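What follows is a single structure, written as structure tokens, with notes after it.
Just so it is clear, the structure is predicted and the values come from calculations on it, not from any experiment.
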Amino acid sequence: MMAKTTKAQKHALEARDAAGESARAAKQALRDIPGSVPKSDRRKVKGAIRDAKHVSKTSKRAVRRDAAAVTAEAEAATKRLRKTLASAKRAARLADPSHRETTATSGSAAEQAELGAMTVAELRLKAKDAGLTGYSSLAKADLLALFAKPGA
């Protein structure tokens with residue numbers, strides 16, 4: 001006679017399966033990222049995929065033994081995988097030469113809104129491409145003000 005599955009065990013099994021599905025989706029997403037992903041980021045994503053796959057192969061016996069630990073491990077692996085994949089996508093986007101704009105920014109509202117949506121790293125890259133100096137230690141607000149100046 002089989003023991004009845006508890007709610008915690010069901011949750012652990014669902015988290016385990018979700019980790020496996022995330023690993024499969026991340027593997028495909030890594031292939032589909034436009035541009036080239038830096039080697040270090042690619043390695044990190046592949047490591048996170050391996051971790052998620054490993055968790056997804058956790059046996060039902062292990063789930064029955066310690067459902068809470070399996071759930072925590074699966075959720076942590078899935079979270080790490082999503083985070084590293086997002087980081088790799090951002091790195092590929094920043095490395096893409098078509099992403100970099102070398103034109104000077106005038107200061108229209110639309111351009112300022114576009115700049116406001118950028119990260120500090122993207123703003124610094126834009127400042128570098130524009131040939132500006134003294135931008136490396138500036139905060140986002142200061143970088144935005146730098147681009148708002150005429151001739152920036």
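With 3.5 Å as the limit, one finds no donor-acceptor pair spanning the side chains of Glu73 and His54.
Residues Lys140 and Met118 fail the side-chain proximity criterion, which asks for heavy atoms closer than 4.5 Å. Within the 4.5 Å cutoff, the side chain of Lys53 has heavy atoms near those of the Ile49 side chain. Proximity of Asp51 to Leu81: side-chain heavy atoms (C-beta onward) are nowhere separated by under 4.5 Å. Within the 4.5 Å cutoff, no side-chain heavy atoms of Thr119 are placed close to those of Arg124. Counting only heavy atoms from C-beta outward, the side chains of Leu123 and Tyr135 never approach each other to under 4.5 Å. Contact of the Gln9 side chain with the Arg65 side chain is not registered, since no non-hydrogen atoms from C-beta on lie closer than 4.5 Å.
Ala77 and Val55 get closest at one heavy-atom pair: CB-CG2, 4.1 Å. Of all non-hydrogen atoms in Ala12 and Ala67, the two that sit nearest each other are CB-O, 3.5 Å. Heavy atoms only, all atoms of each residue included: Val70 and Ala62 are closest at CG2-O, 4.0 Å.
The backbone N or O of Lys83 lies less than 3.5 Å from no partner atom in the side chain of Ser87, so there is not a single donor-acceptor pair. Judged by distance alone, the side chain of Arg80 and the main-chain N or O of Ala52 form no donor-acceptor pair under 3.5 Å.
Rounded to the nearest 0.5 angstrom, Thr5 OG1 and His11 NE2 are separated by 15.0 Å. Going from atom CD of Glu21 over to atom OG of Ser56 covers 10.0 Å, rounded to the nearest 0.5 Å. Between the CG atom in Leu138 and the CG atom in Leu143 there is a gap of 5.0 Å [rounded to 0.5 Å].
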Item to check | Arg16/Lys57 under side-chain contact (heavy atoms from CB on, under 4.5 Å): CA gap, chis, key distance, verdict | outcome: CA-CA 8 Å; Arg16 179 192 73 168; Lys57 294 178 182 179; over 6 Å; no
Considering only distance and modelled atom types, tabulate donor-acceptor pairs under 3.5 Å from the side chains of residues 31-47, sequence neighbours left out.
residue, atom, partner, partner atom, Å
Arg31, NH1, Gln28, OE1, 2.7
Asp32, OD1, Gln28, NE2, 3.1
Asp32, OD2, Gln28, NE2, 3.2

